[in-house]
Amino acid sequence: MKHMSKLALAALMSTTMLTGAALAESHVPEGVTLADDQTFTYRQLDEFSSLDPQIVEDVDGSDVVRDLFEGLMNQDADGNLVPGVATGYEASEDKKTYTFTLRENAKWSNGDPVTANDFVYAWRRAADPETASPYQWFMELMSLENASEIVAGEADPETLGVTAIDDYTLEVKLTAPLPYFPQMTTHSTTFPSPQSVIEEHGSEWTKPENIVSNGAYVLEEHLPGERSVRVRNEMYWDNENTIIDRVVALVINDENVALTRYLAGELDRTDIPAGQYPSLSEEYPDEAVSFPRLCNYYYTFNVSDSGPEAFKDVNVRKALAMAVDRNIIVEKVMQGGQPPAYTFTPAAVAGFEPPTLPWTEMSQAERDQMAKDLLAEAGYGPDNPLEFEMVYNTSEAHEKVAVALSQLWKQKLGVQATLANMEWKVFLEERGNQNFEMARGAWCGDYNEASTFLDLLDSQSGYNDGKYSNERVDELLEQAKTSDDTSPLYTEVEEILYEEMPVIPIYHYAGVYMLDSDLGGWPVDNVEQNWYSKDLYKIAE
Amino acid sequence: MVSYIIRRLLIAIPTILILIIASFFLIQYAPGGPFTSERPLPPAVLANLEARYGLDQPLWKQLWDYLTNIVLHFDFGPSFKFKDRDVNDIIAQGFPISLTYGSLSFIAATVVGVGLGVAAAIRHNSWIDYAAVSMGIGAQALPNFIMGPILILVFTLWLGWLPGGGWNGGQWQYLIMPVIALSTSYMGNIARLTRSSMLEVLNSNFIRTARAKGLPTRTVIWRHAMKPTLLPVVSYLGPVFVYVLTGSVFVDLYFSTGGLGAAYVGSALTRDYAVLLGVTILYGTLTVFVNLITDLAYAWFDPKIRY
C-alpha cells in the first residue's frame, strides 16, 4: 500500500513538472490563465510583535505565522474547517476527548517529519509560565486539562491534557465538552513549533537564518519596519498545489500613503481609508470590496457604582440607544458598507440568527418618538437636560462617530453629551477601572461563535467594563457552553440585552479593501479573515 | 583645550545618569503599562509576564538591575512588544538607517541652505534675493508630514520615477524622497539665518576695510565674511543634527524606512519601557556630544573664543 502511494506521488510530481502550473489548479477556476510572476504583495499596518506561533498576538503577525506554520486544521475560503497537518479527528461521546490523526507526509522545512510530539511540545510551551506568552489564556480557553493550574504555576507543563499516542496520533483531554474545539486549532497559538531549533537558538529562533517552519512558506527576509518576504517551502506536503511563489508584506503605517502606493501598482492589497469607499468603488468597481467582519462597535454605559445615576435608569439607556440613527452613521460617516447593529452579536457569526426585536421592526421616526417618551418618563426634558461625558480613544474615525452620536442626541433629545478623547493606553486604564460615564468599545471575535461576543456581558468577565450584571444572562451563557443547540439561548440573551440595553450597539465591522483584479482566491466570505497565501493566485493580464 | 574636553566629558556622565533616572520614573508614571490591552490579561498570565520581565520587582531594584546590566554587559534589556528582539537589536537595526538619511538630510540642508543665504545676501534686494527668500519661506512652511505624502503622490503615482517607500539597504532611489522631506524645512531656516547674518557681517567695519584695501569680492566673502557669518548658523546646526535623527518619525512612517524614529514613538505609545529608555539614552548621549562638538567648533569660527 505504501509503495503504491509513493508511486502515485512520483507520477503526480512528474506531471506537475511537465505541465507547469496547469495541474496546480485545484483552487483556480477553469479558464483562468495564471501569471508568470506569482508574487503577492500586501500592506501591513505595523511591524508584527513576533513570529513565534505561541507568542504572536497581533493580526499582522498571525497572518504571517499562518503562512509559515500549519496547525491541525485549516480554514477554507468560506471559513469551514479543512484538514491541515491532521487529516481528521474523532470526538468521544462526552466531547471531552478529541483524537487527531496526523498525515505522515507533513515535513518541517529542514526535512524532518512533523509528528504529534511537535504539537505536544508547542502546547505545553504555550501554557508554560516560563515562555511568558501573552496568549497563555488561549490554552485555558481551550479547556485543556490542567491548563489553568499550569498557567498559575501550580502544575508542571507536562501534565497538560495533550498526549502523543504515537508519532501520528494526538489525543487531547478537556475539562469541559467543547463542541467547537476543532475550530480552535486554526489559531496560531496551537501551531507546532520545532523543539530542537528553539533549544538551539533561544529567542533568536525566528530570525530568517534560523527559523524552521512547517507551513506552505518559509521566511526569506525580515527587515523590521520595512518589509518581510516569505517564499515557497519546498518541503510542504501540498507544495504542488501552491501557486503563489513569493509573498511580500510591506509595513506602511499611513493608510493614505498605502492607497497611493496601491494605485501606483506597488501593492496587490491594501485597506481603504474611512469614507473613501464610495468614490473608490465608483472609480475601481472591480477592485474596491466590502464584506462583513466578525467585529462589533458599541458604546457602553457605566452601570457600576461609580457610574452616573442617570444610567442606572433603563429608560435613559434605552432612549439613547433608540435615538441613534444607525443609517446615518454607516452611510454618512463610515461609508464602507458596514451593517447597522441592533444586536450585540454580528449577524455574520456562524449559527447565529439575529432575533427579531421590537426595534428592528420600527422606523427611525418611531424609534425617535419612543426615545423622547422614555426620556420624558425618566424625568429629563428641556428644563432638566440629561448631561454626560462620552470617552473614546484618539482616532479620526472614532471622533467622527462620537461627534455624529452627540449631535443626534442633541437634536432629537436635547441631550448634552461632552466628548473626551484619550490616548489608547490611558483609555484602556480608565475604562477598565470604571472611570467613565459612557465609553466606546469594539470587539473582534476570537472564534466564529456568538459566545465570543456575548461572554463580554457575563458579570464575571474581565472584559465587562460597564459592569453590567444579570443572573439570567450568566445562566444562559453557562448553559451555552455545553449545549448542542445554542441558538435559542443566544436569542434569549439578545432579547434581555434589548430590554436592559447595557450597551448601545452601533454597527458591525466590514472589511474594506482594495484588491487587485489580478489577484484571485481572496476569501471574502471568510468572516474571520483567516487567509492563506497558498490558496491565492495571480491571474495573467 | 584638552582639559576643557575632559571636564566636559566628566560632566556628561552625571548628565546622562540624571536623564536615565528621570526618564525611568516618568515612564512608570504614565497610565497603563506594556501589558495593558483591550483584552485585559487574566491575573495569572499578567503575573507570569511581569515576572519574566522583572516588572514585579520594586522600582529601585528594577532601576538598579537596569543600570548594572548597562554598565557590566552593555545590555539595554528586552523589548516588551517585539518579543523576538531586544533593545540592542532594535537600535543596531534602526540607528544606521536613521543615521544615513539623517546625515544626508543634514548635509543637504546645510549646503543648500547656506548657499541660498549667501547668494541672497550678496545680491541683496535683487531677484536672486527674492527668489531665495521665497524658497526659504516656502520650504519652512512645508513640514515633513505634509511633504511626505505630496512627494509620494508626485514621484510615485504621477511620474512613476521613484519607489513609494522602503529602504532596500539605502539604495539611492529609496533615499531621495526621505532626504528631501526631512531637509526642506531646515534648509529654509538655515537660508534665512545665513542671509541675515551675512548682511550684518557685510556691513561691518572689517569688511569695509577689506574692500577699501582693494581685495576682490570673492576673497572678501570667502576669507573674511564667511566665518563670522556661520557663527549663529553653527549654534543652530548642533540641535538640528540631533533633531534630524530624532524627528525622523514621519520619514519612517511615510516611507517605511525601518529607522529608529518610528520605533521610538511606537515604544512610547505601547509603553515598551526598555526600548523607550534605550533610545532616549542614545539620543541623550548624542545630544551631549554634539553640543560639545558645536562648542569646540565655535573656537574655530570665532578667534575671540578660547577654552
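All figures in this text were calculated on a predicted structure; none of them were measured in a lab. Convention: sequence-line order gives letters A, B, ...; per-chain numbering from 1.
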Problem set entry | Within-4.5 Å side-chain heavy-atom neighbours: A:D254 and B:L253 | no
Problem set entry | Residue selection (most heavy-atom pairs with chain A, distance under 4.5 Å) from B:A262, B:A263, B:G259, B:G166 | B:G166
Exercise. Checking A:W137 against chain B: side chain, backbone, both or neither under 4.5 Å from a heavy atom?
Worked result: both
Exercise. What pair of heavy atoms forms the shortest contact from B:N48 to A:Q136, and how long is it?
Worked result: ND2-OE1, 2.7 Å
Exercise. Could you state the interatomic distance from OG1 (B:T270) to CG (A:D46), rounded to the nearest 0.5 Å?
Worked result: 9.5 Å
For this session: May I ask you to list the residues in residues 23-32 of chain B that approach chain A closer than 4.5 angstrom, counting heavy atoms only, ordered by number?
Result: B:P31, B:G32
Exercise. What part of A:S148 gets closer than 4.5 Å to chain B, counting heavy atoms only: side chain, backbone, both or neither?
Worked result: neither
For this session: Give a yes or no on whether the backbone of B:G258 and the side-chain of A:E226 come within a donor-acceptor separation of less than 3.5 Å.
Result: no
Problem set entry | Segment of A:I252 engaging chain B (4.5 angstrom heavy-atom cut-off) | both
Problem set entry | B:D84/A:S203 under side-chain hydrogen bond (donor to acceptor under 3.5 Å, both in side chains): CA gap, chis, key distance, verdict | CA-CA 6 Å; B:D84 307 352; A:S203 64; over 6 Å; no
For this session: Using a heavy-atom cutoff of under 4.5 Å, enumerate the residues of residues 86-106 of chain B that contact chain A, numbered in order, or state 'none'.
Result: B:D89, B:Q93
Seminar exercise, completed: So, the part of A:V251 with a heavy atom under 4.5 Å from chain B: the answer is backbone
Problem set entry | Exercise: identify the closest heavy-atom pair between B:S256 and A:R261 | OG-NH1, 3.8 Å
For this session: Sort by residue number and list every member of residues 54-83 of chain B having a non-hydrogen atom under 4.5 Å from chain A.
Result: B:K81, B:F82, B:K83
Problem set entry | A:E47, part contacting chain B, at a heavy-atom distance under 4.5 Å | both
Exercise. Checking heavy atoms, do the side chain of A:F427, its backbone, both or neither come under 4.5 Å from chain B?
Worked result: neither
Exercise. When you look at CD of A:E199, are more than 12 heavy atoms from neighbouring residues, nucleotides or ligands closer to it than 6.0 Å?
Worked result: yes
Problem set entry | Basic-acidic side-chain contact under 4.0 Å: A:E423, B:R271 | yes
Problem set entry | A:N256 versus chain B, the contacting section by heavy-atom distance below 4.5 Å | neither
Exercise. Hey, which residues of residues 35-45 of chain B are touching chain A, say heavy atoms under 4.5 Å apart?
Worked result: B:F35, B:T36, B:S37, B:E38, B:R39, B:P40, B:L41, B:P42, B:A44, B:V45
Exercise. In terms of heavy-atom pairs under 4.5 Å, which option from A:L428, A:I55, A:L456 contacts chain B the most?
Worked result: A:L428
For this session: Could you look at A:L51 and say if it's the side chain, the backbone, both or neither that has a heavy atom under 4.5 Å from chain B?
Result: both
Problem set entry | Rounded distance (nearest 0.5 Å) linking atom OH of B:Y254 with atom OG1 of A:T260 | 10.5 Å
Problem set entry | side chain to side chain contact (heavy atoms under 4.5 Å, CB included) between B:L157 and A:L263, intermediate numbers included | CA-CA 7 Å; B:L157 186 60; A:L263 295 174; 3.7 Å; yes
